[in-house]
Visitor: 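Below is the structure I would like to discuss, written out as structure tokens.
In what follows, every chain begins at residue 1, and chains take the letters A, B, ... in the order their sequences are listed.
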Amino acid sequence: MGLRKFFDNLNKQAQPGGKLHFLSATIEALDTFFYVPNRVTTRGSHIRDAVDLKRVMITVVIALLPPLLFGIWNIGYLHYKYLGLDTNFWKNVWFGLEKFIPLLLVSYIAGGLVEVIFAQLRHEEVNEGYLVTGLLIPMIIPVTTPLWMVGLAAIFATLVGKEVFGGTGYNIFNPALLARAFLFFSYPGHMSGEKVWIADLPDAMSGATPLGQFSQATSLAQIHAIHSHFSVADMFLGTIPGSIGETSTLAILIGALILIYTGVASWKIIVSAFVGGGLMGWLLNILATPTNPYMALPFWEHWLLGGFAFGMVYMVTDPVSSAHTEIGKWIYGFSAGLLAILIRVLNPAYPEGVMLAILLMNMFAPLIDYIVVRYHIKSRTKRALFLKQQNL
Amino acid sequence: MSGVIKIKRGLDINLKGKAKKQVEQLPLSKYYALKPSDYKFVTPRVHAKVGDRVKAGSILFYDKYKPEIVFTSPVSGQVVEIRRGERRRILEYVVQADDSIEYEQFDVRPLDDMESEQIIDVLLKSGLWASIIQRPYGIIADPKTKPLAVHISTFDSAPLAPDYQFTLKDYIDEFQLGVDVLKKITNTKIFLNLDGRVENNIFDQIQGVEKTKFIGPHPAGNVGVQIHHLTPIQKGDIIWTISPQDVVFIGRFFKTGRVDLTKIIALAGSEVLEPKYYKVISGTSVESILDGQVKNQNVRYISGNVLTGQKISANGFLGRYDNMITVIPEGNYYEFLGWLGIGLNKFSTSRTFLSWLFPKREWVIDTNLHGQQRPFVITGRMDKVLPMQIYPEFLLKAILANDVEQMEALGIYEVIEEDFALCEFVCVSKIDIQQIITQGLQTMIKEMG
């Protein structure tokens with residue numbers, strides 16, 4: 001095959017001493033993108049499972065497609081709806097693509113460049129983790145985010161989120177989420193408020209998210225009023241303002257099923273996160289007072305609002321930054337869900353708590369594992385003594 | 001009297017090319033060899049030199065650090081070559097066989113007339129002591145120690161493994177005698193671990209042992225897994241293990257006074273024309289077995305099974321502890337966008353390829369790594385194939401960090417390479433996991449002296 005010959009030639013020149021050696025990581029990355037390499041086992045297990053990190057990452061990308069496609073449609077849908085214009089399905093999609101593709105390209109190119117440069121400097125192979133990170137970043141920001149900001153975020157995610165720790169596999173925080181936190185604290189005006197969620201919204205209009213509106217409500221009557229505007233069905237299907245990928249709980253559920261079925265994400269984390277969030281919402285329901293009507297919002301509606309579902313399916317499950325022990329995963333997911341709703345409802349400074357809750361739990365994941373492993377070691381000793389006594 | 005232990009975690013890889021239950025008797029091979037690499041952490045010192053004549057049971061080499069442990073020739077003939085590799089490490093000790101075998105005659109008497117020291121002594125001299133493997137570390141047992149217990153796994157659950165119910169059915173008397181010998185020299189419990197899926201087990205009739213049935217997928221047949229479920233090894237504990245084939249060798253030795261390492265092995269794998277069993281002598285050149293049996297040239301010959309065996313050449317030698325030869329295709333090809341397709345023909349324990357639609361299929365799997373090595377990403381997939389109360393990824397990280405205390409606490413004493421073979425198989429980062437375990441065992445041996 002011609003392409004194969006082309007790469008064989010390139011690889012020759014990328015050898016130390018070759019003309020293109022300074023591009024070796026790039027050539028390697030391109031080659032292995034097109035071809036699964038011919039490397040074979042040498043000893044030990046002579047056969048290997050067909051799955052590799054590339055396949056894992058592409059599976060995550062596939063699982064991200066439902067919320068992504070919905071998000072693209074939704075950009076157009078909301079735009080025409082808020083502006084009161086006639087529209088149809090294809091018009092919505094086209095408008096959405098016009099807005100989304102630039103964001104995606106900037107994210108992939110900016111972050112990808114950092115990735116390649118680092119691989120080159122370290123003489124390592126380019127890691128495919130950025131396939132996912134680069135897609136996540138534009139999905140968790142408002143559609144109106146300026147392109148330079150996306151580029152900055154992507155560079156920040158790769159550099160500070162990953163490379164300073166030593167690259168994929170060594171990072172503490174989820175890089176995409178770290179990028180979002182960076183934007184959120186650096187440019188709050190572009191990341192929250194009433195103006196940012198709808199593309200090309202006229203100045204006089206408000207495009208606040210239901211979550212933002214609920215958090216401002218001062219009476220039960222207002223809560224009801226918001227509900228008449230955004231029905232539960234709207235919130236479930238996702239035809240509401242919000243970050244591009246986060247609005248449709250239905251689409252996210254489909255993605256969650258793909259992740260769980262393929263075994264790529266831990267179902268334990270996802271389930272426990274939803275339980276944790278639900279439990280906190282329910283506790284708040286019990287403690288709700290007339291002066292704080294937000295607390296009375298039915299606990300299950302929190303699952304549909306804001307970035308909860310998206311975060312608890314795609315972000316908290318990142319195998320690198322999550323807890324690694326099976327028991328730890330329950331604790332980790334549960335705490336992330338619980339904290340997300342706690343911050344969301346009770347902290348007046350932030351309308352959404354998912355991002356902070358996940359980053360916080362990323363930080364605590366090693367501690368959770370440490371405790372679980374200590375317990376594991378103790379129970380191993382106990383078990384060994386018991387069995388030996390019984391059988392010897 | 002026998003307990004049943006169900007193993008839930010693990011993986012049976014259903015490979016194509018299972019050996020048919022039919023034994024072919026081949027004439028003596030021209031060459032036989034001992035490979036020092038078969039004996040873990042043994043530093044060989046030459047005893048018989050090139051040109052020397054040896055009998056079956058004559059010493060070829062011994063361990064530098066424990067000279068009482070010797071390694072003897074499986075056949076009579078002439079030492080024709082001592083093949084050396086890097087830094088003059090001995091790779092193969094080749095003997096050209098006579099037309100008919102002459103045996104060294106050892107002084108064995110009925111067990112009741114022998115003291116346990118005499119038995120140990122004659123076992124050492126015959127070279128059969130090398131059959132007794134000690135845990136921790138999976139090294140040849142130290143004759144000066146007494147084990148807490150002896151474990152014998154009577155079945156091999158690895159892919160395409162030979163069926164001992166078939167290969168040992170005519171040697172049950174010798175097996176019983178071998179068990180009696182072990183009982184006499186250890187004076188402790190002998191655990192005979194049976195395949196719970198077999199009816200009318202030939203090992204049911206063995207006396208003087210504690211029988212336990214194990215039911216479950218591979219690695220249920222790994223003796224390490226069985227020990228873990230019966231007498232877990234803690235710091236300071238010593239357990240002996242021995243393969244059923246070696247128990248037969250020891251029994252035969254005490255019946256005849258000869259080192260007769262005749263055994264029935266399987267030739268299996270998708271690239272074998274007619275997978276079946278062969279009656280051979282340990283250490284045989286595989287050339288005559290493979291002759292005319294292999295479909296094409298681009299194949300991998302493995303002495304042992306696909307998970308833990310050694311790569312050998314087409315005229316290489318059967319390993320000392322191996323009871324099978326596997327032949328599978330080499331995977332030295334490029335695959336265009338191979339990571340992107342739906343993957344109907346790609347075997348994976350994850351459901352990221354659509355191949356999970358065919359759970360019953362017999363697979364042809366080649367040696368392709370299916371990707372490049374990556375940093376260790378902990379996915380929890382290893383937990384699913386290691387049926388021990390051990391956190392595999394944490395143990396591996398402790399080894400990489402050279403943290404001896406943590407290695408001890410997390411279970412380094414309980415494992416050897418083969419127990420982590422499936423972990424290596426499923427590793428998405430394509431890391432040589434068994435190599436890391438070897439490194440860990442080396443560290444422990446050095447630390448513990």
Side-chain angles (χ1 to χ4, degrees), chain A residues 1 3-4 7 28 31-59 125 127-129 166-170 261-264 266 319-320 324-326 329 369 372-373 376-377 379-381 383-385 387-388 390-392, chain B residues 148-149 189 230-232 234 300 302 306-311 328 330-340 343 346-353 365-372 374-380 383 389 391 393-394 409-411 417 421 424-426 428-430 432 434-435:
Chain A
M1 191 185 260
L3 190 59
R4 186 61 253 155
F7 274 119
E28 168 104 66
D31 187 4
T32 60
F33 179 84
F34 283 107
Y35 290 97
V36 170
N38 62 347
R39 286 179 209 179
V40 295
T41 55
T42 49
R43 64 164 94 73
S45 189
H46 296 268
I47 56 174
R48 296 296 182 95
D49 197 308
V51 72
D52 67 344
L53 268 187
K54 270 200 183 64
R55 185 69 185 186
V56 171
M57 294 301 170
I58 200 73
T59 307
E125 288 158 2
N127 212 296
E128 42 282 323
T168 308
Y170 304 111
Y261 194 73
T262 54
V264 167
S266 163
V320 175
H324 297 147
T325 53
E326 295 304 307
K329 282 174 185 167
D369 281 339
V372 172
V373 169
H376 160 78
I377 290 171
S379 75
R380 270 178 49 76
T381 313
R383 173 183 178 278
L385 289 173
L387 277 176
K388 280 198 291 190
Q390 197 185 36
N391 290 322
L392 282 175
Chain B
L148 216 53
K189 258 193 192 173
L230 291 168
T231 59
Q234 291 176 290
R300 166 85 47 105
I302 303 163
V306 289
L307 293 174
T308 60
Q310 289 293 321
K311 178 181 173 179
I328 55 171
E330 277 289 0
N332 49 354
Y333 53 85
Y334 287 93
E335 193 184 359
F336 185 62
L337 292 180
W339 53 287
L340 210 58
K346 290 194 145 93
F347 182 82
S348 175
T349 51
S350 73
R351 292 211 191 92
T352 54
F353 296 97
I365 305 181
D366 58 48
T367 61
N368 193 290
L369 206 52
H370 300 293
Q372 295 163 294
R374 287 286 178 262
F376 214 139
V377 175
I378 296 188
T379 55
D383 286 325
Q389 198 197 22
Y391 286 163
E393 285 139 335
F394 286 84
L410 291 172
E417 290 86 348
E424 183 168 287
F425 176 78
V426 301
V428 285
S429 301
K430 310 295 175 189
D432 285 342
Q434 296 187 76
Q435 189 62 24

Visitor: Look at Q310(B), E393(B), E330(B), Q434(B) and state which one has the largest set of heavy-atom pairs under 4.5 Å with chain A.
Guide: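 If we count pairs closer than 4.5 Å to chain A, Q434(B) comes out on top.
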Visitor: With sequence neighbours excluded, tell me which residues meet side-chain hydrogen bond (donor to acceptor under 3.5 Å, both in side chains) with H46(A).
Guide: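 In terms of side-chain hydrogen bond (donor to acceptor under 3.5 Å, both in side chains), with neighbours along the sequence ignored, H46(A) is linked to R300(B).
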Visitor: Look up atom CG in L230(B) and atom CG in N391(A), then write down how far apart they are to the nearest 0.5 Å.
Guide: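 One finds 5.5 Å between CG of L230(B) and CG of N391(A).
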Visitor: Which bit of K430(B) comes within less than 4.5 Å of chain A, counting heavy atoms only: side chain, backbone, both or neither?
Guide: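 Backbone plus side chain of K430(B), per the 4.5 Å heavy-atom cut-off to chain A.
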Visitor: Give the intermediate values and the outcome of side chain to side chain contact (heavy atoms under 4.5 Å, CB included) for residues R383(A) and Q389(B).
Guide: CA-CA 9 Å; R383(A) 173 183 178 278; Q389(B) 198 197 22; 3.1 Å; yes
Visitor: So which atom in A50(A) and which in K346(B) form the shortest heavy-atom distance, rounded to 0.1 Å?
Guide: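 So the two residues come closest at CB-CB, 3.7 Å.
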Visitor: Report the option among L369(B), T367(B), V428(B) that has the most heavy-atom pairs separated by less than 4.5 Å from atoms of chain A.
Guide: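 With the most close heavy-atom pairs to chain A, the winner is T367(B).
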Visitor: Count the heavy-atom pairs under 4.5 Å between each of I328(B), L148(B), T349(B) and chain A, then report the option with the highest count.
Guide: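 Among the listed options, the one with the most contacts to chain A is T349(B).
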Visitor: Answer with side chain, backbone, both or neither: which region of E417(B) has an atom nearer than 4.5 Å to a non-hydrogen atom of chain A?
Guide: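 Contact with chain A is absent: no heavy atom of E417(B) under 4.5 Å.
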Visitor: Please state whether the side chain, the backbone, both or neither of Y170(A) comes within less than 4.5 Å of a heavy atom of chain B.
Guide: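 Side chain of Y170(A) only, per the 4.5 Å heavy-atom cut-off to chain B.
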Visitor: Quick check for you: among P319(A), G166(A), S266(A), which has the greatest number of heavy-atom pairs under 4.5 Å with chain B?
Guide: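 Top option by heavy-atom pairs under 4.5 Å: P319(A).
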Visitor: Relative to chain B, which of L392(A), V264(A), T381(A) shows the most heavy atom pairs under 4.5 Å?
Guide: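 Going by pairs under 4.5 Å, I would pick L392(A).
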Visitor: Does any backbone or side-chain atom of A421(B) lie under 4.5 Å from a heavy atom of chain A? Answer side chain, backbone, both or neither.
Guide: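 For A421(B), the backbone is the part near chain A, not the side chain.
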Visitor: Side chains of F347(B) and I47(A), heavy atoms from C-beta outward: is any pair under 4.5 Å?
Guide: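 They are not in side-chain contact.
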Visitor: Please state whether the side chain, the backbone, both or neither of I302(B) comes within less than 4.5 Å of a heavy atom of chain A.
Guide: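 The side chain, not the backbone.
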Visitor: Mind checking side-chain hydrogen bond (donor to acceptor under 3.5 Å, both in side chains) for T231(B) and listing every partner two or more places apart, or none if nothing turns up?
Guide: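 Result, side-chain hydrogen bond (donor to acceptor under 3.5 Å, both in side chains) vs T231(B): H151(B).
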Visitor: Would you mind checking which part of F353(B) comes under 4.5 Å of any heavy atom in chain A, side chain (CB onward), backbone (N, CA, C, O), both or neither?
Guide: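 Contact with chain A: backbone and side chain both.
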Visitor: Strictly distance-based, threshold 3.5 Å: is any side-chain N or O of R55(A) a donor or acceptor partner for the main-chain N or O of T352(B)?
Guide: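 Indeed, once roles are kept as given, a pair shorter than 3.5 Å links the two residues.
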Visitor: Below 4.5 Å, heavy-atom pairs only: which of Q435(B), K311(B), E424(B) has the largest tally toward chain A?
Guide: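 Most pairs with chain A among the choices: E424(B).
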Visitor: Side chain from CB out, backbone as N, CA, C, O: work out which of these in D366(B) comes under 4.5 Å of a heavy atom of chain A, or both, or neither.
Guide: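 Contact with chain A is through the backbone of D366(B) alone.
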Visitor: Using non-hydrogen atoms only, which part of S350(B) is less than 4.5 Å away from chain A: side chain, backbone, both, or neither?
Guide: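 Both backbone and side chain.
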Visitor: Taking the side chain as C-beta and beyond, is there a heavy-atom pair between R380(A) and Q234(B) under 4.5 Å?
Guide: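 SC-SC contact between R380(A) and Q234(B) ruled out.
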Visitor: Taking the side chain as C-beta and beyond, is there a heavy-atom pair between H324(A) and Y391(B) under 4.5 Å?
Guide: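 Of all side-chain heavy-atom pairs linking Y391(B) with H324(A), none is under 4.5 Å.
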Visitor: Nearest 0.5 Å, what's the CZ-CD1 distance between R48(A) and I365(B)?
Guide: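 Interatomic distance, R48(A) CZ to I365(B) CD1, rounded to 0.5 Å: 12.0 Å.
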Visitor: Output the option from D52(A), V320(A), L385(A) having the highest count of non-hydrogen pairs under 4.5 Å with chain B.
Guide: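 Most heavy-atom pairs within the cutoff with chain B belong to D52(A).
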Visitor: Taking every non-hydrogen pair under 4.5 Å, which of G309(B), S429(B), A149(B) racks up the most with chain A?
Guide: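 Highest number of pairs under 4.5 Å: G309(B).
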Visitor: Is any side-chain heavy atom of H376(A) closer than 4.5 Å to a side-chain heavy atom of L410(B)?
Guide: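 With C-beta onward as the side chain, the pair touches.
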